[in-house]
Amino acid sequence: MHRPLDFIRERVQADNAAGTYAGRVQTRFPPEPNGFLHIGHAKAVCLNFEVAAENGGACRLRFDDTNPEGEDAAYAQAIADDIAWLGFEPDGRAVHASDYFEHLYQWAEHLVSEGLAYVDDQDAETISATRGDFSTPGVESPCRDRSVEENLSLLRDMRAGRYDNGEKVLRAKIDMAHPNMLMRDPVMYRIRHIPHFRTGDAWCIYPTYDWAHGQSDAIEGVTHSLCSLEFDAHRQLYDWFLEHLPLPGDRPRQYEFARLNLTHTVMSKRKLITLVTDGLVDGWDDPRLPTLRGLRRRGYPPEAIREFCAHIGVARVNGVHEIELLESFVRTHLNRTAQRRMAVLRPLEVFITNWPRWDRPVEHRSAVNNPEDPPAGNRLVPFTERLWIERDDFMLDPPRKFYRLAPGREVRLRAGYFLRCNDVETDSDGKVVRLWCTYDPDTGDGQAPDGRKVRATIHWVAADHAVDATVALYDRLFTDPVPGADGRDPLESYNPDSWELIADAKLEPELAKTAPGEVVQFERLGYFAHDSGTPMLFHRTVGLRDEWANIQKRRQQGS
RNA sequence: UGGCCGGUAGUUCAACUGGUAGAACGUCGGACUUUGGCUCCGGAUGUUGCAGGUUCGAGUCCUGCCCGGCCAGCCA
């Protein structure tokens with residue numbers, strides 16, 4: 001079943017049918033190199049690259065480096081890396097808005113010559129104050145009617161560095177009473193005596209976003225310029241500039257779509273910076289962050305992110321996606337690809353009293369690596385008389401619907417035998433410290449010859465062969481589905497329990513061979529990513545669907 | 001306060017552009033199962049923001065209202 005086309009693809013198709021750009025489709029992904037990409041950007045990356053690819057077109061990576069403050073090459077590199085990790089290859093080398101600074105400047109002189117732009121001496125406050133507001137028109141600048149010659153010479157002086165920061169700006173001459181505030185003589189150039197990470201000190205005037213973006217699109221031959229909804233009002237300006245310039249080719253068009261929002265997290269650059277600088281998270285690649293680097297460290301497969309983006313589609317409605325939907329794509333992908341292993345996070349000792357320790361101190365059991373992928377084969381797991389099992393898999397006094405181990409109960413050990421709990425050893429506080437059990441030697445194939453059934457299969461690790469590891473468990477970064485809803489500070493709903501470290505997890509020996517960055521499934525627990533820097537540190541990517549947890553949750557909430 | 005853009009199951013999107021509303025995730029129930037996973041089957045949830053109007057017929061067109069988002073940076 002194919003999804004119907006979204007409004008952007010519909011438009012592209014219509015343009016192709018009408019021969020608008022002679023069948024050519026070109027897009028671009030235009031980040032500013034002043035921060036890291038997050039999953040919201042991934043949506044735009046997927047859209048731009050996929051729309052181009054679907055139509056045999058090209059998509060470039062273009063850095064929107066029009067404001068030297070805060071921008072630098074390290075961010076640009078990180079962004080390029082993240083795009084590559086996501087699985088996209090930009091057309092050609094990355095380009096930059098700064099590549100067009102000279103071209104832009106010539107065009108600015110052209111507009112000045114046409115009487116469509118002027119140099120304004122007013123300072124920022126004055127310009128702001130005279131812009132008017134939603135109900136009152138702005139006041140025209142006293143500089144608005146300067147002659148072309150004077151404007152040209154002033155603009156050249158601006159470029160030559162004869163003025164201080166903020167002393168003059170170049171403005172488009174449009175309409176100070178326009179209902180769209182962006183059309184009230186918008187600023188095109190501002191003076192900033194700051195070195196730029198690519199052009200050095202070649203320039204001291206820098207183009208604004210509005211003056212650079214559409215023109216860059218036109219220079220590159222972009223046909224469909226896709227951006228987020230908040231640029232909707234800018235489209236009018238985008239078109240105005242392009243209409244008044246001698247373009248080298250077809251005129252690009254801007255289309256806006258809703259950016260991606262996810263529950264229980266924040267996406268705005270400012271809020272993410274706060275989290276990092278306030279030490280609420282551990283750097284830009286903290287696995288709880290929605291940054292691509294964070295998700296990567298957490299073990300999210302790029303394919304899952306792409307599938308998620310394809311699934312949510314593109315529309316003009318601003319909404320919030322449930323993080324659970326993203327997680328379901330992660331699970332679906334990892335279920336097919338991740339190898340299964342056994343790990344015990346909260347160990348409880350099991351002693352098997354009838355194990356033939358003298359004949360067989362250790363038996364190597366064969367375990368399936370991935371039932372969803374038979375070619376992944378099998379591995380051997382040591383089994384001994386002393387095992388670790390999960391504390392949660394045993395209850396002294398089991399409630400209804402608890403199928404796991406309890407006094408007198410029998411369960412199956414995964415890839416092992418049936419195990420019966422005969423006796424429980426507790427310490428002086430009543431805490432269970434050891435289970436005395438027996439195994440059934442006739443159940444080595446997982447079945448009982450007499451046909452008796454068990455309700456549960458639990459995982460285990462041989463105590464004397466266990467490998468120690470540190471396991472980090474993660475929960476939602478924010479407790480509120482929409483942090484900062486109704487105007488409150490998002491940080492108020494920061495979840496202090498979003499992170500838990502288990503220092504003494506017990507892992508099956510095979511896990512010592514896990515490659516850096518590899519994601520495996522700890523059976524019955526979830527998917528875990530081996531840290532790429534710290535050996536034997538595992539991050540929980542996402543848990544498995546857990547019906548027992550659901551039953552407990554329902555019990556807590558309801559009746 | 002003016003302009004623009006939106007409003008369809010809990011959530012995100014559909015509905016061939018006027019013919020009595022569907023999918024995915026979630027949820028509930030069942031089957032299967034050496035992961036309470038996976039897979040499969042089935043159920044529930046909507047006065048399509050509200051009120052009028054046009055029409056044989058409106059989620060689709062018109063009018064008014066309500067609600068949400070964006071816009072008054074020399075940020076992008």
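Just so we're on the same page: letters track the sequence lines, and every chain starts at 1. The analysis underlying the following values was restricted to heavy atoms, covering all of them including side chains, and did not include hydrogens, waters or symmetry mates.
Between Arg379(A) atom CZ and U34(B) atom C1' the separation is 13 Å, expressed in whole Å. Asp546(A) places its CG atom 14 Å from the P atom of G26(B), with the value rounded to the nearest Å. If you measure from atom CZ of Phe528(A) to atom C1' of G37(B), you get 13 Å, rounded to the nearest angstrom. Atom P of nucleotide U39(B) and atom CG of Asn370(A) are separated by 13 Å, given to the nearest angstrom. Distance CZ (Arg235(A)) to C1' (C5(B)): 9 Å, rounded to an integer number of Å. Taking atom CD1 of Ile389(A) as the reference point, atom P of U35(B) lies 17 Å away to the nearest angstrom. Note: CZ (Arg452(A)) to P (U34(B)) measures 15 Å, nearest angstrom. Between the CZ atom of Arg331(A) and the P atom of U39(B) there is a distance of 11 Å, rounded to whole Å.
A close approach under 4.0 Å does not occur between any side-chain nitrogen or oxygen of Gln521(A) and OP1 or OP2 of U35(B). Residue Arg524(A) places at least one side-chain N or O under 4.0 Å from the OP1 or OP2 atom of G36(B).
One C1' atom belongs to A14(B), the other to U48(B), and the distance between them is 13 Å to the nearest Å. Between A21(B) and C16(B), the distance separating the two P atoms is 14 Å to the nearest Å. Using atom C1' as the reference point in both C5(B) and G42(B), the two lie 41 Å apart (nearest Å). C66(B) and A76(B) have their P atoms separated by 36 Å, with the value rounded to a whole Å. Annotation: C65(B) and C41(B) have their C1' atoms spaced 47 Å apart (nearest Å). Taking the C1' atom of each, U20(B) and G37(B) are spaced 42 Å apart, rounded to whole Å. The gap from the C1' atom of G59(B) to that of C13(B) amounts to 14 Å, rounded to the nearest Å. When the P atom is compared between A9(B) and C32(B), the two are found 37 Å apart, to the nearest whole Å.
The glycosidic torsion of G73(B) lies within 90° of 0, placing the base in the syn range. In U17(B) the base sits syn relative to the sugar, since the glycosidic angle is no further than 90° from 0.
Note on Gly444(A): a base of the nucleic acid sits closer than 4.0 angstrom, heavy atoms only. Contact annotation for Arg404(A): base contact, defined as any heavy-atom pair under 4.0 Å involving a base atom. Residue Ala415(A) is in base contact, counting any heavy-atom pair closer than 4.0 Å across all strands shown. Residue contacts for Phe402(A): at a heavy-atom cut-off of 4.0 Å it reaches a base atom on one of the strands shown. Residue Arg316(A) is in sugar-phosphate contact alone, with no base atom involved, counting any heavy-atom pair closer than 4.0 Å across all strands shown. Residue contacts for Ile551(A): at a heavy-atom cut-off of 4.0 Å it reaches a base atom on one of the strands shown. Residue contacts for Glu256(A): at a heavy-atom cut-off of 4.0 Å it reaches no nucleic acid atom on any strand shown.
Taking the ring centre of Tyr417(A) as origin, the terminal cationic atom of Arg365(A) falls inside the region bounded by 6.0 Å and 45° from the ring axis. Arg159(A) forms a cation-pi arrangement with Tyr105(A), by the criterion of a distance under 6.0 Å to the ring centre and an angle within 45° of the ring axis.
Using a 4.0 Å cut-off between charged side-chain N and carboxylate O, Lys173(A) and Asp185(A) make no salt bridge. Under a 4.0 Å N-O distance rule, the pair Glu167(A)/Arg192(A) does not qualify as a salt bridge.
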- Task: Could you run through nucleotides 71-76 of chain B and give me one letter per nucleotide, 5' to 3': B if any protein heavy atom sits under 4.0 Å from the base, S if only the sugar-phosphate is that close, - if neither?
- Result: BBSBSB

- Reading RNA chain B 5' to 3', how would its secondary structure be written in dot-bracket notation, given Watson-Crick and G-U pairs with both distances under 3.5 Å, brackets [ ] for crossing pairs and | for partners on other strands? .((((((..((((.....[..)))).(((((.......))))).....(((((..]....))))))))))).....

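In this structure, a donor-acceptor pair under 3.5 Å is absent between the side chains of Arg554(A) and Gln556(A). A donor atom on one side chain and an acceptor atom on the other are not found under 3.5 Å apart for Arg171(A) and Tyr189(A). In the model, Tyr238(A) has a side-chain atom that pairs as donor or acceptor with a side-chain atom of Asp217(A) under 3.5 Å. Gln122(A) and Ser141(A) form a side-chain donor-acceptor contact under 3.5 Å, judged by distance and modelled atom types alone. Under the 3.5 Å distance criterion, with hydrogens and angles disregarded, no donor-acceptor pair is assigned to the side chains of Glu32(A) and Tyr209(A).
Of the candidates U1(B), C4(B), G36(B), the closest approach to any side-chain atom of Asp232(A) belongs to C4(B).
When all heavy atoms of Val542(A) and Arg331(A) are compared, the closest pair comes out as CG2-NH2, 3.7 Å. Pairing each heavy atom of Arg316(A) with each of Leu229(A), the nearest pair is O-CD2, 3.2 Å.
Taking the six-membered ring where the residue is Trp, Phe522(A) and Phe528(A) present parallel rings, their angle staying beneath 30° rather than reaching 60°.
Across the interface with RNA chain B, nearest-nucleotide mapping of Thr443(A) and Glu10(A) shows Glu10(A) to be the residue nearer the 5′ end. Sequence order on RNA chain B of the closest nucleotides to Pro371(A) and Asp6(A) puts Asp6(A) first from the 5' end.
Of the residues listed (Asn151(A), Leu111(A), Leu170(A), Leu154(A)), the one engaging Tyr118(A) in a side chain to side chain contact (heavy atoms under 4.5 Å, CB included) is Asn151(A), and it is the only one.
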- Item | Worked check of side chain to side chain donor-acceptor pair (under 3.5 Å) between His213(A) and Arg28(A) | CA-CA 11 Å; His213(A) 205 94; Arg28(A) 97 273 92 112; 2.7 Å; yes

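Outside the 6.0 Å centre-distance limit, the rings of Trp548(A) and Tyr403(A) are not counted as a close aromatic pair.
Side chain Arg455(A) to base G36(B): no donor-acceptor pair is found below 3.5 Å. Residue Gln236(A) places no side-chain atom within donor-acceptor reach of the base of G3(B), judged by atom type and a 3.5 Å distance cut-off alone.
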Please list, pair by pair, any protein nitrogen or oxygen found under 3.5 Å from a nitrogen or oxygen in nucleotides 8-12 of chain B.
{"unit_1": "G10(B)", "atom_1": "N2", "unit_2": "Glu322(A)", "atom_2": "OE1", "d": "3.1"}
{"unit_1": "U11(B)", "atom_1": "O4'", "unit_2": "Glu322(A)", "atom_2": "OE2", "d": "3.3"}
{"unit_1": "U11(B)", "atom_1": "O3'", "unit_2": "Val320(A)", "atom_2": "O", "d": "3.3"}
{"unit_1": "U11(B)", "atom_1": "O2'", "unit_2": "Val320(A)", "atom_2": "O", "d": "3.2"}
{"unit_1": "U12(B)", "atom_1": "OP1", "unit_2": "Val320(A)", "atom_2": "N", "d": "3.1"}
{"unit_1": "U12(B)", "atom_1": "O3'", "unit_2": "His321(A)", "atom_2": "NE2", "d": "3.3"}
{"unit_1": "U12(B)", "atom_1": "O2'", "unit_2": "His321(A)", "atom_2": "ND1", "d": "3.4"}
{"unit_1": "U12(B)", "atom_1": "O2'", "unit_2": "His321(A)", "atom_2": "NE2", "d": "3.0"}

